[in-house]
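Take a look at the structure set out below.
Every heavy atom of this structure was used, including side-chain atoms; hydrogens, water molecules and symmetry mates were not. Below, chain A is the first sequence line, B the second, and so on; all start at residue 1.
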Amino acid sequence: MLDPNTISWTSLMGGYTAAKQPNMAVWLFAKMPKNIVFPNAFTLSTVVNACSVLADVKAGKLVHAFVEVYGYQTNLIVCASLVDMYGKSNDLGSARRVFDSMVERNVVPWTSMIVGYAQNAQVYEALKLFREFSRVADDPPNQYMLSIVVNACASLGRLVYGKVTHAAVVKRGHESNEVVATALADMYAKCGCFESSLKVFRRMLNSCLISYTSMIMSAAKHGLGEVSLELFEEMILKGIKPTDVTYLGILYACSHSGLVDRGLELLNSMQAEHGVIPDVKHYTCVVDMLGRRGRLDEAYRLAKTIELRHDSEGALLWGSLLSASKLHGRLDIADEASKWLIEAKQQVDTAYVSMSNIHVLTGNWDDSQSIRSEMKRVGVRKEPGCSWVEIKDSVYVFYARDVSSCPRGMEVLELLKDLENRMKERGYIGGSKGLVFVDVEDESKEEIVNLHSERLALGFSLLSIPKGETIRIMKNLRMCGDCHEAFKLISSIVERDFVVRDVNRFHHFKNGSCSCKDYW
DNA sequence: CTAGGGTTAG
(Lines give C-alpha, C1' and ligand atoms only; values in the text may rest on other atoms or scores of the structure.)
Protein backbone atom coordinates (compact mmCIF):
# COMPACT_ATOMS: atom_id res chain seq x y z
CA MET A 1 0.00 0.00 0.00
CA LEU A 2 1.33 3.40 -0.94
CA ASP A 3 -0.42 5.21 1.80
CA PRO A 4 -1.72 2.92 4.55
CA ASN A 5 -4.07 4.78 6.86
CA THR A 6 -5.23 4.20 10.42
CA ILE A 7 -7.66 1.50 9.30
CA SER A 8 -4.94 -0.39 7.41
CA TRP A 9 -2.65 -0.32 10.42
CA THR A 10 -5.41 -1.39 12.76
CA SER A 11 -6.45 -4.26 10.48
CA LEU A 12 -2.91 -5.49 10.38
CA MET A 13 -2.62 -5.43 14.16
CA GLY A 14 -5.91 -7.26 14.56
CA GLY A 15 -4.70 -9.83 12.06
CA TYR A 16 -1.48 -10.43 13.95
CA THR A 17 -3.35 -10.85 17.21
CA ALA A 18 -5.78 -13.28 15.59
CA ALA A 19 -2.79 -15.19 14.19
CA LYS A 20 -1.36 -15.59 17.69
CA GLN A 21 1.35 -12.99 17.21
CA PRO A 22 0.13 -10.23 19.51
CA ASN A 23 3.69 -9.01 20.06
CA MET A 24 3.73 -7.92 16.39
CA ALA A 25 0.59 -5.89 17.01
CA VAL A 26 2.25 -4.04 19.86
CA TRP A 27 5.37 -3.53 17.77
CA LEU A 28 3.32 -2.04 14.94
CA PHE A 29 1.53 0.28 17.33
CA ALA A 30 4.86 1.67 18.46
CA LYS A 31 5.81 2.31 14.80
CA MET A 32 2.68 4.31 13.95
CA PRO A 33 3.71 7.85 14.96
CA LYS A 34 6.91 7.69 12.91
CA ASN A 35 4.78 7.01 9.86
CA ILE A 36 2.55 9.94 10.71
CA VAL A 37 -0.52 7.77 11.16
CA PHE A 38 -2.47 8.17 14.38
CA PRO A 39 -4.49 5.69 16.38
CA ASN A 40 -8.22 6.00 16.89
CA ALA A 41 -10.56 4.14 19.24
CA PHE A 42 -10.44 1.04 17.04
CA THR A 43 -6.64 1.01 17.06
CA LEU A 44 -6.45 1.48 20.79
CA SER A 45 -8.85 -1.31 21.68
CA THR A 46 -7.11 -3.59 19.20
CA VAL A 47 -3.69 -3.02 20.71
CA VAL A 48 -5.03 -3.20 24.27
CA ASN A 49 -6.44 -6.58 23.32
CA ALA A 50 -2.99 -7.61 22.07
CA CYS A 51 -1.52 -6.63 25.46
CA SER A 52 -4.26 -8.63 27.13
CA VAL A 53 -3.34 -11.75 25.19
CA LEU A 54 0.30 -11.19 26.13
CA ALA A 55 -0.71 -10.45 29.74
CA ASP A 56 1.77 -7.61 29.38
CA VAL A 57 0.60 -5.04 31.88
CA LYS A 58 3.60 -2.78 31.23
CA ALA A 59 2.80 -2.37 27.56
CA GLY A 60 -0.86 -2.15 28.50
CA LYS A 61 -0.24 0.76 30.84
CA LEU A 62 1.64 2.59 28.09
CA VAL A 63 -1.29 2.14 25.74
CA HIS A 64 -3.59 3.27 28.55
CA ALA A 65 -1.55 6.48 28.68
CA PHE A 66 -2.18 6.99 24.97
CA VAL A 67 -5.89 6.46 25.61
CA GLU A 68 -5.82 9.39 28.03
CA VAL A 69 -3.64 11.53 25.74
CA TYR A 70 -5.88 11.04 22.74
CA GLY A 71 -9.01 11.54 24.83
CA TYR A 72 -10.64 8.17 24.43
CA GLN A 73 -11.17 7.59 28.16
CA THR A 74 -14.92 7.86 27.74
CA ASN A 75 -15.14 5.38 24.88
CA LEU A 76 -17.05 2.28 25.99
CA ILE A 77 -15.18 -0.25 23.91
CA VAL A 78 -11.73 1.15 24.65
CA CYS A 79 -12.46 1.07 28.37
CA ALA A 80 -13.92 -2.42 28.12
CA SER A 81 -10.72 -3.62 26.52
CA LEU A 82 -8.69 -1.95 29.28
CA VAL A 83 -10.75 -3.64 32.01
CA ASP A 84 -10.18 -6.97 30.31
CA MET A 85 -6.46 -6.34 29.85
CA TYR A 86 -5.88 -5.36 33.49
CA GLY A 87 -7.94 -8.28 34.70
CA LYS A 88 -6.04 -10.81 32.61
CA SER A 89 -2.75 -9.25 33.76
CA ASN A 90 -3.77 -9.80 37.38
CA ASP A 91 -3.90 -6.07 38.11
CA LEU A 92 -7.37 -5.97 39.59
CA GLY A 93 -6.92 -2.57 41.18
CA SER A 94 -6.37 -0.90 37.81
CA ALA A 95 -9.15 -2.94 36.23
CA ARG A 96 -11.56 -1.73 38.89
CA ARG A 97 -10.44 1.89 38.57
CA VAL A 98 -11.14 1.89 34.84
CA PHE A 99 -14.42 0.05 35.40
CA ASP A 100 -15.56 2.55 38.05
CA SER A 101 -14.59 5.51 35.87
CA MET A 102 -16.76 4.40 32.96
CA VAL A 103 -19.66 6.70 32.22
CA GLU A 104 -21.48 4.06 30.26
CA ARG A 105 -21.37 0.28 30.75
CA ASN A 106 -22.95 -2.65 29.02
CA VAL A 107 -22.75 -6.33 29.85
CA VAL A 108 -19.26 -6.73 28.33
CA PRO A 109 -17.14 -4.74 30.82
CA TRP A 110 -19.24 -6.20 33.66
CA THR A 111 -18.32 -9.65 32.40
CA SER A 112 -14.65 -8.74 32.10
CA MET A 113 -14.61 -7.44 35.64
CA ILE A 114 -16.28 -10.59 36.95
CA VAL A 115 -13.77 -12.73 35.03
CA GLY A 116 -10.98 -10.68 36.57
CA TYR A 117 -12.11 -11.40 40.11
CA ALA A 118 -13.01 -15.02 39.43
CA GLN A 119 -9.63 -15.83 37.92
CA ASN A 120 -7.65 -14.07 40.60
CA ALA A 121 -8.90 -16.11 43.54
CA GLN A 122 -11.53 -13.55 44.53
CA VAL A 123 -14.56 -15.60 43.75
CA TYR A 124 -16.81 -14.07 46.37
CA GLU A 125 -16.03 -10.63 44.94
CA ALA A 126 -16.93 -11.96 41.48
CA LEU A 127 -20.29 -13.23 42.72
CA LYS A 128 -20.94 -9.97 44.54
CA LEU A 129 -20.43 -8.08 41.31
CA PHE A 130 -22.78 -10.42 39.50
CA ARG A 131 -25.47 -9.69 42.07
CA GLU A 132 -24.84 -5.98 41.68
CA PHE A 133 -25.13 -6.30 37.91
CA SER A 134 -28.44 -8.08 38.27
CA ARG A 135 -29.68 -5.26 40.47
CA VAL A 136 -28.54 -2.19 38.55
CA ALA A 137 -28.07 -3.16 34.93
CA ASP A 138 -30.68 -2.74 32.26
CA ASP A 139 -29.62 -5.82 30.28
CA PRO A 140 -30.18 -9.36 31.46
CA PRO A 141 -27.06 -11.54 31.90
CA ASN A 142 -26.21 -13.35 28.69
CA GLN A 143 -24.46 -16.67 28.07
CA TYR A 144 -20.99 -15.13 28.39
CA MET A 145 -21.64 -13.73 31.81
CA LEU A 146 -23.53 -16.78 33.02
CA SER A 147 -20.82 -19.20 32.01
CA ILE A 148 -18.18 -17.34 33.99
CA VAL A 149 -20.45 -17.09 37.00
CA VAL A 150 -21.13 -20.83 36.85
CA ASN A 151 -17.39 -21.33 36.60
CA ALA A 152 -16.87 -19.16 39.67
CA CYS A 153 -19.37 -21.29 41.60
CA ALA A 154 -17.49 -24.38 40.51
CA SER A 155 -14.23 -23.10 41.89
CA LEU A 156 -15.91 -22.32 45.19
CA GLY A 157 -17.26 -25.84 45.29
CA ARG A 158 -20.42 -24.63 46.99
CA LEU A 159 -23.44 -26.38 45.61
CA VAL A 160 -26.05 -23.82 46.68
CA TYR A 161 -24.37 -21.05 44.73
CA GLY A 162 -24.14 -23.29 41.71
CA LYS A 163 -27.80 -24.24 41.91
CA VAL A 164 -28.91 -20.61 42.17
CA THR A 165 -26.84 -19.76 39.11
CA HIS A 166 -28.25 -22.76 37.30
CA ALA A 167 -31.69 -21.30 37.98
CA ALA A 168 -30.57 -17.99 36.48
CA VAL A 169 -29.34 -19.87 33.41
CA VAL A 170 -32.70 -21.58 33.01
CA LYS A 171 -34.57 -18.32 33.53
CA ARG A 172 -32.60 -16.63 30.75
CA GLY A 173 -32.92 -19.62 28.47
CA HIS A 174 -29.22 -20.37 28.08
CA GLU A 175 -29.32 -24.00 29.19
CA SER A 176 -28.75 -25.30 25.72
CA ASN A 177 -25.72 -23.15 25.08
CA GLU A 178 -22.79 -25.49 24.76
CA VAL A 179 -20.37 -23.41 26.81
CA VAL A 180 -22.84 -22.74 29.60
CA ALA A 181 -23.89 -26.40 29.74
CA THR A 182 -20.27 -27.52 29.92
CA ALA A 183 -19.64 -25.07 32.74
CA LEU A 184 -22.73 -26.38 34.55
CA ALA A 185 -21.67 -30.00 34.22
CA ASP A 186 -18.23 -29.09 35.46
CA MET A 187 -19.73 -27.15 38.37
CA TYR A 188 -21.89 -30.06 39.55
CA ALA A 189 -18.95 -32.42 39.42
CA LYS A 190 -16.70 -30.05 41.35
CA CYS A 191 -19.44 -29.56 43.93
CA GLY A 192 -19.53 -33.30 44.48
CA CYS A 193 -22.68 -34.15 42.49
CA PHE A 194 -21.48 -36.41 39.75
CA GLU A 195 -24.97 -37.60 38.93
CA SER A 196 -26.29 -34.08 38.27
CA SER A 197 -23.18 -33.40 36.27
CA LEU A 198 -23.83 -36.37 34.03
CA LYS A 199 -27.49 -35.38 33.72
CA VAL A 200 -26.60 -31.91 32.42
CA PHE A 201 -24.02 -33.43 30.11
CA ARG A 202 -26.47 -35.96 28.69
CA ARG A 203 -29.03 -33.25 28.03
CA MET A 204 -26.62 -31.50 25.71
CA LEU A 205 -27.47 -31.99 22.08
CA ASN A 206 -23.99 -31.67 20.69
CA SER A 207 -21.40 -32.61 23.22
CA CYS A 208 -18.16 -31.33 21.84
CA LEU A 209 -14.51 -31.85 22.56
CA ILE A 210 -14.38 -29.67 25.66
CA SER A 211 -17.55 -31.06 27.21
CA TYR A 212 -16.29 -34.62 26.76
CA THR A 213 -12.85 -33.75 28.09
CA SER A 214 -14.37 -32.05 31.09
CA MET A 215 -16.71 -34.97 31.75
CA ILE A 216 -13.85 -37.46 31.50
CA MET A 217 -11.94 -35.49 34.10
CA SER A 218 -15.00 -35.25 36.35
CA ALA A 219 -15.63 -38.98 36.31
CA ALA A 220 -11.95 -39.55 37.04
CA LYS A 221 -12.02 -37.21 40.02
CA HIS A 222 -14.95 -39.18 41.41
CA GLY A 223 -12.97 -42.37 41.16
CA LEU A 224 -14.98 -43.63 38.18
CA GLY A 225 -12.13 -44.48 35.84
CA GLU A 226 -14.21 -46.97 33.89
CA VAL A 227 -16.80 -44.29 33.16
CA SER A 228 -14.00 -42.02 31.92
CA LEU A 229 -12.81 -44.72 29.55
CA GLU A 230 -16.36 -45.28 28.27
CA LEU A 231 -16.80 -41.56 27.63
CA PHE A 232 -13.50 -41.55 25.79
CA GLU A 233 -14.61 -44.43 23.54
CA GLU A 234 -17.91 -42.66 22.93
CA MET A 235 -16.30 -39.43 21.80
CA ILE A 236 -13.95 -41.29 19.46
CA LEU A 237 -16.95 -43.06 17.93
CA LYS A 238 -18.60 -39.69 17.40
CA GLY A 239 -15.55 -38.60 15.44
CA ILE A 240 -14.33 -36.07 17.98
CA LYS A 241 -10.55 -35.89 18.00
CA PRO A 242 -8.98 -35.98 21.45
CA THR A 243 -6.40 -33.35 22.33
CA ASP A 244 -3.53 -33.26 24.77
CA VAL A 245 -5.97 -32.19 27.51
CA THR A 246 -8.27 -35.14 26.78
CA TYR A 247 -5.35 -37.51 27.10
CA LEU A 248 -4.35 -35.87 30.33
CA GLY A 249 -7.85 -36.55 31.64
CA ILE A 250 -7.84 -40.16 30.58
CA LEU A 251 -4.38 -40.80 32.04
CA TYR A 252 -5.49 -39.11 35.24
CA ALA A 253 -8.51 -41.45 35.23
CA CYS A 254 -6.31 -44.53 34.92
CA SER A 255 -4.04 -43.20 37.62
CA HIS A 256 -6.85 -42.65 40.10
CA SER A 257 -8.68 -45.89 39.44
CA GLY A 258 -5.69 -48.16 39.61
CA LEU A 259 -5.78 -48.93 35.86
CA VAL A 260 -2.03 -48.69 35.56
CA ASP A 261 -1.46 -50.97 32.61
CA ARG A 262 -4.32 -49.45 30.65
CA GLY A 263 -2.75 -46.07 31.34
CA LEU A 264 0.63 -47.20 30.06
CA GLU A 265 -1.01 -48.57 26.91
CA LEU A 266 -2.75 -45.25 26.31
CA LEU A 267 0.49 -43.34 26.77
CA ASN A 268 2.24 -45.55 24.27
CA SER A 269 -0.53 -45.43 21.68
CA MET A 270 -1.68 -41.82 21.82
CA GLN A 271 0.63 -40.57 19.12
CA ALA A 272 -0.09 -43.35 16.64
CA GLU A 273 -3.83 -43.44 17.35
CA HIS A 274 -4.69 -39.76 17.43
CA GLY A 275 -1.52 -37.85 16.67
CA VAL A 276 -1.18 -36.37 20.13
CA ILE A 277 2.49 -36.32 21.07
CA PRO A 278 2.95 -37.02 24.78
CA ASP A 279 4.63 -34.13 26.53
CA VAL A 280 5.86 -33.35 30.05
CA LYS A 281 2.38 -33.16 31.53
CA HIS A 282 1.42 -36.60 30.25
CA TYR A 283 4.65 -38.17 31.48
CA THR A 284 4.19 -36.46 34.83
CA CYS A 285 0.75 -37.96 35.12
CA VAL A 286 2.12 -41.42 34.32
CA VAL A 287 4.97 -41.03 36.82
CA ASP A 288 2.33 -40.18 39.39
CA MET A 289 0.27 -43.19 38.34
CA LEU A 290 3.18 -45.60 38.75
CA GLY A 291 4.24 -43.95 41.99
CA ARG A 292 0.88 -44.14 43.73
CA ARG A 293 0.71 -47.84 42.87
CA GLY A 294 4.09 -48.40 44.44
CA ARG A 295 5.95 -48.99 41.19
CA LEU A 296 8.52 -46.45 42.21
CA ASP A 297 11.53 -47.80 40.35
CA GLU A 298 9.65 -47.57 37.07
CA ALA A 299 8.35 -44.13 38.01
CA TYR A 300 11.84 -42.94 38.85
CA ARG A 301 13.35 -44.35 35.65
CA LEU A 302 10.68 -42.61 33.58
CA ALA A 303 11.10 -39.34 35.46
CA LYS A 304 14.83 -39.31 34.71
CA THR A 305 14.24 -39.57 30.97
CA ILE A 306 11.87 -36.63 30.74
CA GLU A 307 13.35 -33.53 29.18
CA LEU A 308 12.29 -30.31 30.84
CA ARG A 309 12.24 -27.03 29.00
CA HIS A 310 12.00 -25.16 32.25
CA ASP A 311 12.47 -26.05 35.91
CA SER A 312 8.86 -25.16 36.64
CA GLU A 313 7.79 -28.13 34.54
CA GLY A 314 9.65 -30.37 36.95
CA ALA A 315 7.89 -29.08 40.05
CA LEU A 316 4.88 -31.30 39.58
CA LEU A 317 6.93 -34.22 38.31
CA TRP A 318 9.39 -34.41 41.21
CA GLY A 319 6.80 -33.25 43.71
CA SER A 320 4.59 -36.14 42.75
CA LEU A 321 7.47 -38.58 42.91
CA LEU A 322 8.39 -37.25 46.32
CA SER A 323 4.89 -37.77 47.66
CA ALA A 324 4.72 -41.31 46.27
CA SER A 325 8.15 -42.10 47.79
CA LYS A 326 6.88 -40.86 51.11
CA LEU A 327 3.79 -43.03 50.90
CA HIS A 328 5.77 -46.14 50.03
CA GLY A 329 8.69 -45.43 52.26
CA ARG A 330 11.32 -45.04 49.56
CA LEU A 331 13.79 -42.80 51.29
CA ASP A 332 16.31 -43.09 48.44
CA ILE A 333 14.00 -41.71 45.78
CA ALA A 334 12.43 -39.18 48.14
CA ASP A 335 15.90 -37.86 48.84
CA GLU A 336 16.66 -37.34 45.18
CA ALA A 337 13.30 -35.81 44.43
CA SER A 338 13.57 -33.30 47.24
CA LYS A 339 17.14 -32.42 46.25
CA TRP A 340 15.96 -31.76 42.73
CA LEU A 341 13.15 -29.50 43.97
CA ILE A 342 15.35 -27.53 46.34
CA GLU A 343 18.10 -27.01 43.76
CA ALA A 344 15.59 -25.91 41.15
CA LYS A 345 13.91 -23.63 43.71
CA GLN A 346 10.56 -25.31 43.12
CA GLN A 347 8.17 -26.11 45.95
CA VAL A 348 11.01 -25.72 48.41
CA ASP A 349 8.76 -25.60 51.47
CA THR A 350 6.99 -28.81 50.48
CA ALA A 351 10.28 -30.53 49.71
CA TYR A 352 11.68 -29.77 53.15
CA VAL A 353 8.52 -30.70 55.02
CA SER A 354 8.10 -33.93 53.06
CA MET A 355 11.67 -34.96 53.77
CA SER A 356 11.29 -34.16 57.42
CA ASN A 357 8.08 -36.19 57.53
CA ILE A 358 9.47 -39.18 55.73
CA HIS A 359 12.20 -39.35 58.35
CA VAL A 360 9.52 -39.34 61.02
CA LEU A 361 7.68 -42.14 59.26
CA THR A 362 10.79 -44.29 59.08
CA GLY A 363 11.66 -43.53 62.67
CA ASN A 364 14.63 -41.22 62.11
CA TRP A 365 13.64 -38.51 64.52
CA ASP A 366 17.06 -36.90 64.53
CA ASP A 367 17.17 -36.51 60.75
CA SER A 368 13.68 -35.12 60.83
CA GLN A 369 14.65 -32.54 63.42
CA SER A 370 17.77 -31.52 61.58
CA ILE A 371 15.74 -30.79 58.48
CA ARG A 372 13.37 -28.65 60.56
CA SER A 373 16.38 -26.77 61.90
CA GLU A 374 17.75 -26.36 58.40
CA MET A 375 14.42 -24.88 57.35
CA LYS A 376 14.63 -22.36 60.12
CA ARG A 377 18.22 -21.53 59.25
CA VAL A 378 17.51 -20.82 55.59
CA GLY A 379 14.18 -19.19 56.39
CA VAL A 380 11.81 -21.55 54.61
CA ARG A 381 8.28 -21.55 55.95
CA LYS A 382 5.47 -23.84 54.96
CA GLU A 383 2.07 -22.31 54.59
CA PRO A 384 -0.29 -24.35 56.77
CA GLY A 385 -2.34 -26.90 54.90
CA CYS A 386 -5.98 -26.00 54.48
CA SER A 387 -9.06 -28.04 53.76
CA TRP A 388 -12.76 -27.44 53.91
CA VAL A 389 -16.01 -29.30 53.99
CA GLU A 390 -19.47 -28.11 53.09
CA ILE A 391 -22.30 -29.42 55.21
CA LYS A 392 -25.79 -28.38 54.24
CA ASP A 393 -24.94 -25.03 52.68
CA SER A 394 -22.30 -24.07 55.22
CA VAL A 395 -18.58 -24.27 54.75
CA TYR A 396 -16.14 -25.27 57.46
CA VAL A 397 -12.53 -24.40 56.87
CA PHE A 398 -9.68 -26.15 58.64
CA TYR A 399 -6.06 -25.25 58.96
CA ALA A 400 -3.56 -27.90 59.90
CA ARG A 401 -3.02 -28.02 63.65
CA ASP A 402 -5.62 -25.37 64.31
CA VAL A 403 -8.96 -26.38 65.80
CA SER A 404 -10.14 -22.95 66.86
CA SER A 405 -10.43 -21.40 63.40
CA CYS A 406 -13.29 -23.73 62.51
CA PRO A 407 -16.77 -22.89 63.75
CA ARG A 408 -18.56 -25.94 65.17
CA GLY A 409 -15.24 -27.72 65.05
CA MET A 410 -16.26 -30.06 67.87
CA GLU A 411 -19.32 -31.27 65.99
CA VAL A 412 -17.19 -32.00 62.98
CA LEU A 413 -14.88 -33.95 65.24
CA GLU A 414 -17.84 -36.08 66.30
CA LEU A 415 -18.64 -36.66 62.67
CA LEU A 416 -15.12 -37.79 62.03
CA LYS A 417 -15.25 -40.17 64.96
CA ASP A 418 -18.34 -41.71 63.43
CA LEU A 419 -16.56 -41.95 60.12
CA GLU A 420 -13.70 -43.74 61.71
CA ASN A 421 -15.98 -46.28 63.35
CA ARG A 422 -17.81 -47.03 60.15
CA MET A 423 -14.57 -47.49 58.29
CA LYS A 424 -13.40 -49.87 60.94
CA GLU A 425 -16.65 -51.82 60.54
CA ARG A 426 -15.87 -52.14 56.87
CA GLY A 427 -12.53 -53.59 57.64
CA TYR A 428 -10.37 -50.73 56.46
CA ILE A 429 -8.24 -50.80 59.53
CA GLY A 430 -4.73 -52.11 59.19
CA GLY A 431 -3.18 -53.80 56.24
CA SER A 432 -2.86 -50.52 54.43
CA LYS A 433 0.16 -49.55 52.43
CA GLY A 434 3.00 -47.37 53.42
CA LEU A 435 5.29 -47.33 56.37
CA VAL A 436 3.05 -45.29 58.58
CA PHE A 437 3.58 -46.06 62.26
CA VAL A 438 6.15 -48.76 61.64
CA ASP A 439 8.69 -49.02 64.46
CA VAL A 440 7.37 -45.99 66.24
CA GLU A 441 6.59 -45.61 69.91
CA ASP A 442 3.01 -44.88 70.86
CA GLU A 443 3.80 -41.49 72.30
CA SER A 444 5.30 -40.47 68.98
CA LYS A 445 2.06 -41.03 67.19
CA GLU A 446 0.65 -37.65 67.98
CA GLU A 447 3.56 -35.96 66.35
CA ILE A 448 3.21 -38.17 63.32
CA VAL A 449 -0.43 -37.35 63.05
CA ASN A 450 0.26 -33.67 63.30
CA LEU A 451 2.99 -33.81 60.71
CA HIS A 452 0.83 -35.86 58.43
CA SER A 453 -2.03 -33.43 58.70
CA GLU A 454 -0.09 -30.65 57.09
CA ARG A 455 -0.78 -31.93 53.67
CA LEU A 456 -4.07 -33.65 54.20
CA ALA A 457 -6.76 -32.53 51.87
CA LEU A 458 -9.79 -34.00 53.54
CA GLY A 459 -10.34 -31.82 56.55
CA PHE A 460 -9.28 -34.38 59.08
CA SER A 461 -6.36 -32.41 60.36
CA LEU A 462 -8.04 -31.94 63.72
CA LEU A 463 -7.76 -35.56 64.62
CA SER A 464 -5.81 -36.60 67.64
CA ILE A 465 -4.17 -39.92 68.36
CA PRO A 466 -6.82 -42.60 68.13
CA LYS A 467 -8.24 -41.01 65.06
CA GLY A 468 -4.83 -40.94 63.49
CA GLU A 469 -5.75 -44.27 62.02
CA THR A 470 -8.54 -42.61 60.15
CA ILE A 471 -6.21 -40.18 58.54
CA ARG A 472 -4.08 -42.99 57.42
CA ILE A 473 -6.94 -44.93 55.97
CA MET A 474 -8.42 -41.98 54.16
CA LYS A 475 -5.09 -41.07 52.75
CA ASN A 476 -4.36 -44.55 51.57
CA LEU A 477 -7.78 -44.89 50.05
CA ARG A 478 -7.09 -41.79 48.06
CA MET A 479 -3.62 -42.83 47.11
CA CYS A 480 -4.84 -46.21 45.94
CA GLY A 481 -7.28 -44.47 43.67
CA ASP A 482 -10.23 -45.63 45.70
CA CYS A 483 -11.45 -42.16 46.49
CA HIS A 484 -14.93 -43.00 45.30
CA GLU A 485 -15.19 -45.47 48.17
CA ALA A 486 -14.01 -42.78 50.57
CA PHE A 487 -16.55 -40.32 49.22
CA LYS A 488 -19.33 -42.87 49.54
CA LEU A 489 -18.41 -43.54 53.13
CA ILE A 490 -18.46 -39.89 53.97
CA SER A 491 -21.79 -39.38 52.20
CA SER A 492 -23.36 -42.29 54.02
CA ILE A 493 -22.63 -40.60 57.31
CA VAL A 494 -24.15 -37.24 56.57
CA GLU A 495 -26.72 -38.70 54.23
CA ARG A 496 -26.80 -35.78 51.82
CA ASP A 497 -25.32 -32.47 50.74
CA PHE A 498 -21.91 -33.31 51.98
CA VAL A 499 -19.09 -32.12 49.85
CA VAL A 500 -15.44 -32.70 50.47
CA ARG A 501 -13.11 -30.25 48.85
CA ASP A 502 -9.50 -30.58 47.97
CA VAL A 503 -7.22 -27.69 48.51
CA ASN A 504 -5.69 -27.99 45.06
CA ARG A 505 -8.34 -25.95 43.38
CA PHE A 506 -6.36 -23.03 42.11
CA HIS A 507 -6.01 -24.29 38.57
CA HIS A 508 -7.61 -21.16 37.23
CA PHE A 509 -5.05 -18.92 38.85
CA LYS A 510 -2.53 -17.92 36.25
CA ASN A 511 0.40 -16.03 37.65
CA GLY A 512 1.81 -15.53 41.08
CA SER A 513 0.73 -17.44 44.07
CA CYS A 514 -2.26 -17.28 46.28
CA SER A 515 -2.87 -18.67 49.69
CA CYS A 516 -5.88 -20.45 51.05
CA LYS A 517 -6.53 -17.45 53.23
CA ASP A 518 -7.02 -15.24 50.16
CA TYR A 519 -9.50 -17.73 48.93
CA TRP A 520 -11.74 -17.89 51.93
C1' DC B 1 -10.48 -1.87 11.82
C1' DT B 2 -12.66 -2.51 18.27
C1' DA B 3 -14.31 -5.30 24.05
C1' DG B 4 -16.56 -10.64 27.33
C1' DG B 5 -17.43 -17.26 28.38
C1' DG B 6 -16.58 -23.60 29.25
C1' DT B 7 -11.94 -28.64 29.88
C1' DT B 8 -5.71 -29.23 32.12
C1' DA B 9 -1.60 -33.97 36.17
C1' DG B 10 1.01 -34.04 42.69
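If you check B:dG4, B:dT7, B:dG6 against the side chain of A:A183, the one that comes closest is B:dG6. Counting only heavy atoms from C-beta on, A:I148 has its side chain closest to B:dG5 among B:dG10, B:dC1, B:dG5. The side chain of A:N49 sits closest to B:dA3 out of B:dG6, B:dG10, B:dA3. With distances taken from any side-chain atom of A:Y144 to the nucleotides B:dG6, B:dA9, B:dG5, the minimum falls on B:dG5. Side-chain proximity of A:V108 to the nucleotides B:dT8, B:dG6, B:dG4 is greatest for B:dG4. Listed nucleotides: B:dT7, B:dG10, B:dA3. Nearest to the side chain of A:Q347: B:dG10. Out of B:dG6, B:dG5, B:dA9, the shortest distance to the side chain of A:V180 is found at B:dG5. You'll find that the side chain of A:L76 is closest to B:dA3, out of B:dA3, B:dC1, B:dG10. Each of B:dG4, B:dA9, B:dA3 was ranked by its minimum atom distance to the side chain of A:M217; first place goes to B:dA9. When each of B:dG10, B:dG5, B:dT2 is scored by its nearest atom to the side-chain atoms of A:V115, the top-ranked nucleotide is B:dG5.
Here the P atom of nucleotide B:dG6 and the CE atom of A:M204 are 14 Å apart, to the nearest Å. Put simply, CG on A:L248 is 5 Å from C1' on B:dA9, counting in whole angstrom units. B:dA9 atom C1' lies 15 Å from atom CD1 of A:I216, rounded to whole Å. Look at CG on A:N142: it is 13 Å from P on B:dG6, rounded to the nearest Å. With rounding to whole Å, A:D139 atom CG is found 14 Å from B:dA3 atom C1'. As a whole-Å value, the separation of A:K88 NZ from B:dA3 P is 11 Å. Atom C1' of nucleotide B:dC1 and atom CZ of A:F38 are separated by 18 Å, given to the nearest angstrom. Rounded to an integer number of Å, the gap from CZ of A:F133 to C1' of B:dG4 is 11 Å.
Using a 4.0 Å heavy-atom cutoff across all strands shown, A:N75 reaches no nucleic acid atom at all. Looking at heavy-atom distances under 4.0 Å, A:D244 makes no contact with the nucleic acid at all. A:T111 comes within contact range of at least one nucleobase, with a heavy-atom separation under 4.0 Å. Among the protein residues, A:V286 comes within range of no part of the nucleic acid, since none of its heavy atoms lies under 4.0 Å from any strand. A:V83 comes within 4.0 angstrom of nothing in the nucleic acid, heavy atoms only. At a threshold of 4.0 angstrom between heavy atoms, the contacts of A:C254 with the nucleic acid are absent.
No side-chain donor-acceptor contact under 3.5 Å links A:S211 to the backbone of A:S207. Under a 3.5 Å cut-off, the side chain of A:H310 and the backbone N or O of A:S312 do form a donor-acceptor pair. A:S45 places no side-chain N or O within donor-acceptor distance of the main-chain N or O of A:V78, the cut-off being under 3.5 Å. A donor-acceptor distance shorter than 3.5 angstrom exists from the side chain of A:S197 to the backbone of A:A185, with no hydrogens or angles considered. No side-chain donor-acceptor contact under 3.5 Å links A:R105 to the backbone of A:W110.
For B:dT7, the OP1/OP2 oxygens have no side-chain nitrogen or oxygen of A:K221 closer than 4.0 Å. Between A:H256 and the phosphate of B:dG10, there is a side-chain N or O to OP1/OP2 separation shorter than 4.0 Å. Using a 4.0 Å cut-off, some side-chain N or O of A:Q119 falls inside it from OP1 or OP2 of B:dG6. Contact annotation: A:K190 side-chain N/O to B:dT8 OP1/OP2 distance is under 4.0 Å.
Checked by distance alone, A:S112 brings no side-chain donor or acceptor within 3.5 Å of a matching partner on the base of B:dG4. Interface remark: the A:S45 side chain does form a donor-acceptor pair with the B:dT2 base, using a distance-only criterion of under 3.5 Å. Put simply, the side chain of A:N177 and the base of B:dG6 share no donor and acceptor less than 3.5 Å apart. A donor-acceptor contact under 3.5 angstrom links the side-chain atoms of A:S147 to the base of B:dG5.
You'll find the ring centres of A:F29 and A:Y16 outside the 6.0 Å limit. For A:F201 and A:Y212, the ring centers sit closer than 6.0 Å to each other.
In this structure, A:Y252 does not count as stacked on the base of B:dA9 under the 5.5 Å centre distance and 30° plane angle limits.
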